There are 4 protein chains.
Amino acid sequence: MSHNSFGHLFRVTTWGESHGPAIGGVVDGCPPRIPLAEADIQPFLDRRRPGRSKFVTQRQEPDQVRILSGVFEGLTTGTPISLLIENQDQRSRDYGEIRDRFRPGHADLTYHLKYGVRDYRGGGRASARETAVRVAAGAIARKVLGEGVTIRGALVAMGGDAVDRANWDWAAVEENAFFCPDRAAAARWEERLLAARKAGSSLGAVVEIVAEGVPVGLGAPVYGKLDAEIAAALMSINAVKGVEIGEGFAAAALSGEENADEMRMGPDGRVRFLSNRAGGILGGISTGQPIVARFAVKPTSSILAPRRAVDRFGEEVEVVTRGRHDPCVGIRAVPVGEAMLACVLADHLLRHRAQNPDAPAEARLPRN
Amino acid sequence: MSHNSFGHLFRVTTWGESHGPAIGGVVDGCPPRIPLAEADIQPFLDRRRPGRSKFVTQRQEPDQVRILSGVFEGLTTGTPISLLIENQDQRSRDYGEIRDRFRPGHADLTYHLKYGVRDYRGGGRASARETAVRVAAGAIARKVLGEGVTIRGALVAMGGDAVDRANWDWAAVEENAFFCPDRAAAARWEERLLAARKAGSSLGAVVEIVAEGVPVGLGAPVYGKLDAEIAAALMSINAVKGVEIGEGFAAAALSGEENADEMRMGPDGRVRFLSNRAGGILGGISTGQPIVARFAVKPTSSILAPRRAVDRFGEEVEVVTRGRHDPCVGIRAVPVGEAMLACVLADHLLRHRAQNPDAPAEARLPRN
Amino acid sequence: MSHNSFGHLFRVTTWGESHGPAIGGVVDGCPPRIPLAEADIQPFLDRRRPGRSKFVTQRQEPDQVRILSGVFEGLTTGTPISLLIENQDQRSRDYGEIRDRFRPGHADLTYHLKYGVRDYRGGGRASARETAVRVAAGAIARKVLGEGVTIRGALVAMGGDAVDRANWDWAAVEENAFFCPDRAAAARWEERLLAARKAGSSLGAVVEIVAEGVPVGLGAPVYGKLDAEIAAALMSINAVKGVEIGEGFAAAALSGEENADEMRMGPDGRVRFLSNRAGGILGGISTGQPIVARFAVKPTSSILAPRRAVDRFGEEVEVVTRGRHDPCVGIRAVPVGEAMLACVLADHLLRHRAQNPDAPAEARLPRN
Amino acid sequence: MSHNSFGHLFRVTTWGESHGPAIGGVVDGCPPRIPLAEADIQPFLDRRRPGRSKFVTQRQEPDQVRILSGVFEGLTTGTPISLLIENQDQRSRDYGEIRDRFRPGHADLTYHLKYGVRDYRGGGRASARETAVRVAAGAIARKVLGEGVTIRGALVAMGGDAVDRANWDWAAVEENAFFCPDRAAAARWEERLLAARKAGSSLGAVVEIVAEGVPVGLGAPVYGKLDAEIAAALMSINAVKGVEIGEGFAAAALSGEENADEMRMGPDGRVRFLSNRAGGILGGISTGQPIVARFAVKPTSSILAPRRAVDRFGEEVEVVTRGRHDPCVGIRAVPVGEAMLACVLADHLLRHRAQNPDAPAEARLPRN
């Protein structure tokens with residue numbers, strides 16, 4: 001990953017600030033002859049879009065993506081795909097009062113000290129708005145991976161209240177405003193988030209992304225491990241403070257017998273794992289089991305409660321962030337996390353077949 | 001990060017298998033005129049070395065590093081530094097019985113499926129032995145960072161039993177075999193780990209790395225975020241399943257008021273944070289506060305308890321891993337985690353001064 | 001260099017096809033606080049613009065560049081700078097007849113075989129139109145290099161007729177339609193090129209780029225040599241078939257005494273070279289002398305004379321390229337070559353100061 | 001290309017100085033299951049070895065390569081291949097007198113100014129000795145390309161005296177000390193080079209490398225063009241001052257009709273080019289025709305004739321380079337050029353199949 005790009009062969013570069021004329025990105029290295037239209041991307045953007053429910057920011061952005069290059073007569077051409085999303089509901093005036101102030105929990109201070117100048121409007125480059133481009137790139141990555149690969153995300157905890165995995169239903173995820181797979185939890189969260197917002201506060205969340213149908217063999221020793229690159233991709237999402245794969249931190253409390261997934265042979269010559277504590281990755285390489293990644297999203301730092309801060313003149317100030325903000329940024333991070341995982345997998349798919357064009361896609365073992 | 005390299009300007013490439021003639025690496029991009037000798041690196045290798053206590057593998061490797069290039073008359077020259085560590089205590093015969101078998105929790109199966117061939121002896125390229133080169137590179141990275149930056153690690157949990165932070169004493173870390181900062185916990189762990197080993201089992205652990213004195217401004221939006229690259233670097237260590245920065249996953253259970261670190265002015269024009277839940281990084285850029293990262297290490301998969309597995313002929317087998325193994329690989333991961341953080345910081349220091357040569361090293365604000 | 005990007009720290013990515021809605025690019029890694037406006041870029045685009053004289057294509061493109069990000073209140077912010085140039089005079093109908101045909105000397109066949117699909121209109125991605133974005137990026141690179149560095153280009157041969165270096169006058173370059181530094185040669189070329197165009201033919205050319213005021217020390221051993229990266233940058237320009245530095249191919253006919261530039265001390269402690277056959281680079285690193293690079297541009301392949309070719313159905317055909325084409329593409333390659341050299345130097349300036357922040361900018365030697 | 005590495009997927013990193021304990025490198029990304037032994041590499045090193053004839057340096061280096069990793073039971077494993085060549089005939093005392101002096105035409109001055117310290121012995125990192133590792137890597141690259149691809153080089157001019165292409169015989173190349181394909185030229189050169197050496201002088205040369213059997217489709221728009229990366233690879237060889245592809249600089253003197261290679265259909269559905277002025281590359285992508293690249297090597301700067309120079313104290317001095325030097329470094333550059341072309345092609349082969357796994361290897365067109 002370099003400054004504003006990630007991926008090696010399926011390479012995504014993004015640009016743009018929250019309140020500039022537009023945001024966008026370039027996807028380089030996409031294989032040719034993949035059917036692609038703006039309509040393939042838009043549904044994913046719509047899932048992430050602000051103003052979608054009362055639980056997310058009321059900023060109204062249609063987030064219409066335009067493809068400016070790399071597609072001809074409905075097919076990708078193998079050349080760079082330029083994506084552009086215009087910024088419409090900018091309301092720069094909302095941000096005047098924080099022009100010189102460094103909001104707690106924000107990138108204001110660090111950008112100021114690093115660059116000596118910053119576009120303070122709406123967070124500028126550090127705005128979560130940048131993640132819309134990730135989601136667009138992720139839609140293309142899904143096309144590269146093909147229909148055999150399914151990538152889905154869900155919110156598994158909000159404000160410390162976790163879902164009950166016994167209640168997990170992927171269908172529920174699309175029914176509530178939280179991408180919550182547990183209907184009972186969703187009901188509790190609704191109350192909870194309304195209360196937090198009413199109190200001028202905000203809540204954190206944990207997001208889980210699951211990729212099924214991933215070919216075996218993606219990833220590479222030792223610094224190009226699939227899990228290492230997933231970790232970077234997820235940690236690069238705004239407000240993320242932790243990433244785990246499979247059992248994650250809980251693995252540290254298990255014994256060796258409990259943790260290592262045992263194997264048996266399936267009826268069709270395929271290796272069958274008796275559990276998936278590894279989260280689908282061993283030695284940095286995919287096993288063919290579902291890849292399971294989770295990430296922790298801190299509570300929104302833009303809150304109404306007054307907070308102690310400083311300004312760029314070295315004066316102590318109090319900051320109250322009005323504007324229109326997500327009371328739980330973790331919600332809209334779900335489609336972003338899916339997109340990042342899709343991009344990492346697409347990149348590794350290309351890297352894998354470059355080096356190992358004859359490798360099997362499934363964990364099948366030939367009986368002599 | 002590419003396959004066997006990481007870093008952009010301070011770039012580390014490693015090579016070698018557990019049971020080949022040697023392991024080694026190349027550090028490219030190191031600034032010139034830094035005093036460097038093998039003796040500067042050796043103490044860090046000694047901390048990671050096997051056979052150091054009864055709680056780590058009894059494999060006897062002196063792990064003597066040789067510098068083959070890039071240093072002239074005691075100074076780095078700005079050209080690549082080649083590092084070589086000979087493998088001595090190889091005992092390849094120990095591994096014959098697992099030549100065709102895929103041990104649960106190991107990279108055996110995935111390497112086999114990806115590459116169709118693998119050096120099965122001692123884990124080959126996937127062996128934790130590779131991390132010795134990281135430690136050597138980390139020693140050079142510390143030199144690049146200079147004496148103002150201190151990077152220290154500790155084991156903060158073993159087998160689910162966490163240290164009491166009230167007891168934290170960095171001096172304790174060097175006194176026990178666990179790099180444990182809490183003497184009471186160290187005493188408990190000793191019993192616990194002996195019991196686990198006796199039972200043919202193993203334990204997981206959580207490691208915390210703290211970097212103090214880090215200049216403000218390291219890191220970059222949005223995919224080159226300092227925390228994203230730390231996450232990749234730590235997740236690339238063998239057996240790591242989770243990474244977190246600052247408050248990490250616990251941040252997801254906090255409210256916005258609790259989580260965002262408030263700021264006041266210090267007496268000398270420096271910004272003073274009232275807490276450090278962010279772990280020293282905001283918007284992917286260092287704040288000047290201590291950088292705090294933690295990672296979860298799964299319990300050693302090489303255990304004496306028999307486990308169900310398969311072999312490369314598609315036969316179901318039972319695996320018992322004899323050999324000499326760490327009952328808790330998390331212990332020796334402490335110096336490795338320190339080294340990885342040092343390398344990431346050194347790389348970002350160079351990247352930062354390339355773009356921002358006049359940026360301040362400290363979070364000082366000029367009062368008008 | 002990766003597919004559609006080049007540079008490491010000052011990194012340029014371009015996108016777009018000749019007849020899509022727009023072309024553009026992203027400049028990542030630009031230092032902050034550099035004054036930058038569209039008006040700083042436009043003059044360079046105007047020099048490269050089609051329709052500027054009767055000797056270049058009559059396609060009418062205003063080539064107005066828009067900056068969509070990375071600049072705030074007139075200053076670069078250190079975040080990616082997105083550049084966009086709309087395509088206006090597209091006339092796709094001109095290209096219908098070559099939709100299925102592979103023009104000799106063009107990328108038609110190779111794109112078809114590599115990708116299985118291509119935007120045939122106007123050369124698509126392989127169009128020289130892409131170079132407009134390079135020129136825009138080069139304008140930013142010049143800002144990074146600062147006013148002390150001057151980068152100028154000239155056409156030094158056309159159709160095998162070279163300038164007389166005794167007549168060299170940089171002022172002449174801006175006076176004629178050929179960027180020719182020799183007024184006498186320019187007069188000859190005018191006749192010659194009109195004759196070639198009348199005959200439905202085209203001419204090749206040689207371009208020379210000179211960078212003065214370049215700090216000493218840019219470049220790096222051994223694959224990051226300054227001349228190696230200049231060679232790649234210039235060879236990546238459409239229609240370029242050769243690159244040389246300093247004496248270039250002529251050096252191969254000299255003796256060792258003739259070729260190696262001798263040194264004396266100047267009055268101010270600066271090293272003074274008695275010649276500059278090296279073209280300002282020794283061991284891949286700049287010496288502080290002018291950097292001199294030349295590149296050969298083949299004659300335009302789009303000509304009126306009928307040529308034997310094949311089509312995608314495997315039929316033998318004759319191709320006559322009507323449309324609006326440059327009779328000598330070398331002419332408009334001059335500002336492109338300048339831009340590429342500017343980008344390479346800006347990138348190396350950042351890389352150099354990352355590793356060697358205290359290195360001197362001039363070749364001064366302290367007398368003891 | 002970064003400092004001491006090149007290639008993206010087939011990535012070569014080298015290290016080492018002329019008079020250190022060893023030189024070596026790491027080849028990362030090599031596909032697995034390729035038979036490889038030191039004996040496969042050694043013949044290529046032997047062709048480049050010093051002391052092979054009276055026309056090259058008399059330094060006696062057996063240049064025995066050792067493979068330290070990445071090969072198991074005779075097959076590559078897909079993990080990094082570490083290569084090591086010990087330095088034996090070091091004679092550091094020969095270089096004492098130039099410790100403080102900057103030899104004309106050498107990297108002495110620029111390394112001193114850039115790094116402030118340098119290993120002056122035998123050129124240190126800037127020594128042509130580094131190219132031995134390139135040759136070793138090239139031997140592996142040839143294995144990746146397979147037996148269908150033939151890469152051969154020849155010296156086509158020495159001291160301004162060119163071969164007669166009518167006399168070209170590849171068999172002759174292996175018969176004389178110059179890799180000269182024209183026996184008559186070889187005889188002339190023998191006299192000429194002896195005279196030059198006797199006079200304490202040296203000669204330049206032009207090397208041509210031809211790759212046959214290269215699949216169609218290697219390369220990528222627009223900065224990853226195959227010719228751009230070949231240019232960088234060849235220009236990175238010590239003493240190279242110019243690179244050209246196909247007709248090269250001569251193309252600039254041709255008309256459009258003369259230059260663009262016409263096409264007809266062969267009897268087997270294959271495209272047949274009527275000439276190969278393009279040198280096997282169109283639009284940066286291989287056509288399937290032979291790839292032809294040439295590079296100019298300046299005359300050895302280490303000569304007996306006294307030259308004016310300066311030392312690091314700012315004193316004017318005269319330099320006479322005794323030691324053992326090649327009177328024409330172009331000769332030993334032939335196997336190096338072959339190796340660099342092999343590495344670039346291997347890298348692009350992997351990159352191509354990553355993005356275009358189903359692309360045809362030959363320029364065949366289906367007749368409807």
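What you see is a predicted model, and the numbers here were worked out from it, not measured in a lab. So you know, we letter chains A, B, ... as the sequences are listed, proteins then strands, and number each from 1.
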Point to revise | Largest heavy-atom contact set with chain B, pairs under 4.5 Å, which of A:M158, A:K225, A:M265 | key: A:M265

Exercise for review: Pick whichever of B:R270, B:R264, B:E244 has the most heavy-atom pairs under 4.5 Å with chain A.
Suggested key: B:R264

Review point. Who among A:G330, A:G116, A:G219 has the most heavy-atom pairs with chain B under 4.5 Å?
Key: A:G219

Check your understanding: Is it the side chain or the backbone of B:L109 that comes within 4.5 Å of chain A heavy atoms, both, or neither?
Key -> side chain

Review point. Can you say whether B:N4 sits under 4.5 Å from chain A via the side chain, the backbone, both, or neither, judging by heavy atoms?
Key: both

Check your understanding: How would you list, by chain and number, every residue that makes a side-chain contact (heavy atoms from CB on, under 4.5 Å) with B:A195, sequence neighbours excluded?
Key -> none

Check your understanding: Can you name the closest pair of heavy atoms from B:V222 and A:E130 and give their distance?
Key -> CG2-OE2, 3.5 Å

Revision key, fill the gap. The interface call for B:A157 against chain A, heavy-atom contacts under 4.5 Å, is neither

**Study point:** Heavy-atom contact with chain B under 4.5 Å, split by part of A:L274
**Key:** side chain

Practice item. Select, from A:A126, A:G246, A:A205, the one with the greatest count of heavy-atom pairs under 4.5 Å involving chain B. Key: A:A205

Point to revise | Sequence-distant partners of B:F295, ring-ring contact (aromatic ring centres under 6.0 Å, His included), two or more places apart | key: none

Point to revise | Residue part contacting chain A, namely of B:T13, when any heavy atom lies under 4.5 Å | key: neither

Point to revise | N-O pairing of B:D261 and B:R277 below 4.0 Å | key: no

Point to revise | chain B contacts, top residue of A:G288, A:P104, A:G160, A:A239 (heavy-atom pairs, under 4.5 Å) | key: A:P104

Review point. Quick one: what part of B:V216 sits under 4.5 Å from any heavy atom of chain A, side chain, backbone, both or neither?
Key: side chain

**Study point:** Heavy-atom pair with the smallest gap, counting every atom of B:V344 and B:A233
**Key:** CG2-CB, 3.5 Å

Revision key, fill the gap. Whatever's closer than 4.5 Å to a heavy atom in chain A on B:T300 counts as backbone

Check your understanding: Which one of A:Q355, A:H106, A:R307, A:R364 has the most heavy-atom pairs closer than 4.5 Å to chain B?
Key -> A:R307

Practice item. Evaluate the criterion side chain to side chain contact (heavy atoms under 4.5 Å, CB included) for residue pair B:C343 and B:F6; output intermediate values, then yes/no. Key: CA-CA 9 Å; B:C343 289; B:F6 70 99; 3.5 Å; yes

Point to revise | Straight-line distance of A:R272 CZ to A:Q289 CD, nearest 0.5 Å | key: 11.0 Å

Study note, to complete from the structure: If you tally heavy-atom pairs under 4.5 Å between each of B:G283, B:P360, B:G256, B:S301 and chain A, the highest tally belongs to B:G256

Check your understanding: After noting the C-alpha distance and the side-chain angles of B:L282 and A:F102, does the key distance pass the side chain to side chain contact (heavy atoms under 4.5 Å, CB included) rule?
Key -> CA-CA 11 Å; B:L282 282 173; A:F102 305 133; over 6 Å; no

Practice item. Select one option (side chain, backbone, both, neither) describing which atoms of B:L226 are under 4.5 Å from chain A's heavy atoms. Key: neither

Revision key, fill the gap. Chain B shares the most heavy-atom pairs under 4.5 Å, among A:A293, A:A252, A:A260, A:A107, with A:A252

Check your understanding: Tell me, side chain or backbone of B:I303 under 4.5 Å from chain A's heavy atoms, or both, or neither?
Key -> side chain

**Study point:** Straight-line distance of A:Y223 OH to B:T14 OG1, nearest 0.5 Å
**Key:** 3.5 Å

Point to revise | Residue B:A196 versus chain A: region with a heavy atom under 4.5 Å | key: neither

Check your understanding: Roughly how far, to the nearest 0.5 Å, is CD of A:E247 from CD of A:E258?
Key -> 9.5 Å

Check your understanding: Once you round to the nearest 0.5 Å, how far does CZ of A:F313 lie from CZ of A:R101?
Key -> 10.5 Å

Practice item. Under 4.5 Å heavy-atom distance to chain A, tell me which part of B:H352 shows up: side chain, backbone, both or neither. Key: both

Review point. Non-hydrogen atoms of chain A under 4.5 Å away: do they reach the side chain of B:D108, the backbone, both or neither?
Key: neither

**Study point:** Greatest number of heavy atom pairs closer than 4.5 Å to chain A - which of B:E362, B:M263, B:R308, B:M235
**Key:** B:R308

Practice item. Tell me, out of B:E316, B:R134, B:H112, who's got the most heavy-atom pairs with chain A below 4.5 Å. Key: B:E316

Point to revise | Spacing of B:D311 atom CG and A:L365 atom CG [to the nearest 0.5 Å] | key: 8.0 Å

Check your understanding: Contact part of B:V317 toward chain A, heavy-atom cut-off under 4.5 Å: side chain, backbone, both or neither?
Key -> backbone

Exercise for review: Please test A:K298 against A:V329 for side chain to side chain contact (heavy atoms under 4.5 Å, CB included), starting from the C-alpha separation and ending with a verdict.
Suggested key: CA-CA 8 Å; A:K298 70 181 186 185; A:V329 282; 5.8 Å; no

Check your understanding: So how far is it from B:R125 CZ to B:Y111 OH, rounded to the nearest 0.5 Å?
Key -> 7.0 Å

Review point. Highest number of heavy-atom pairs under 4.5 Å with chain A: which of B:A231, B:C328, B:A250, B:P221?
Key: B:P221

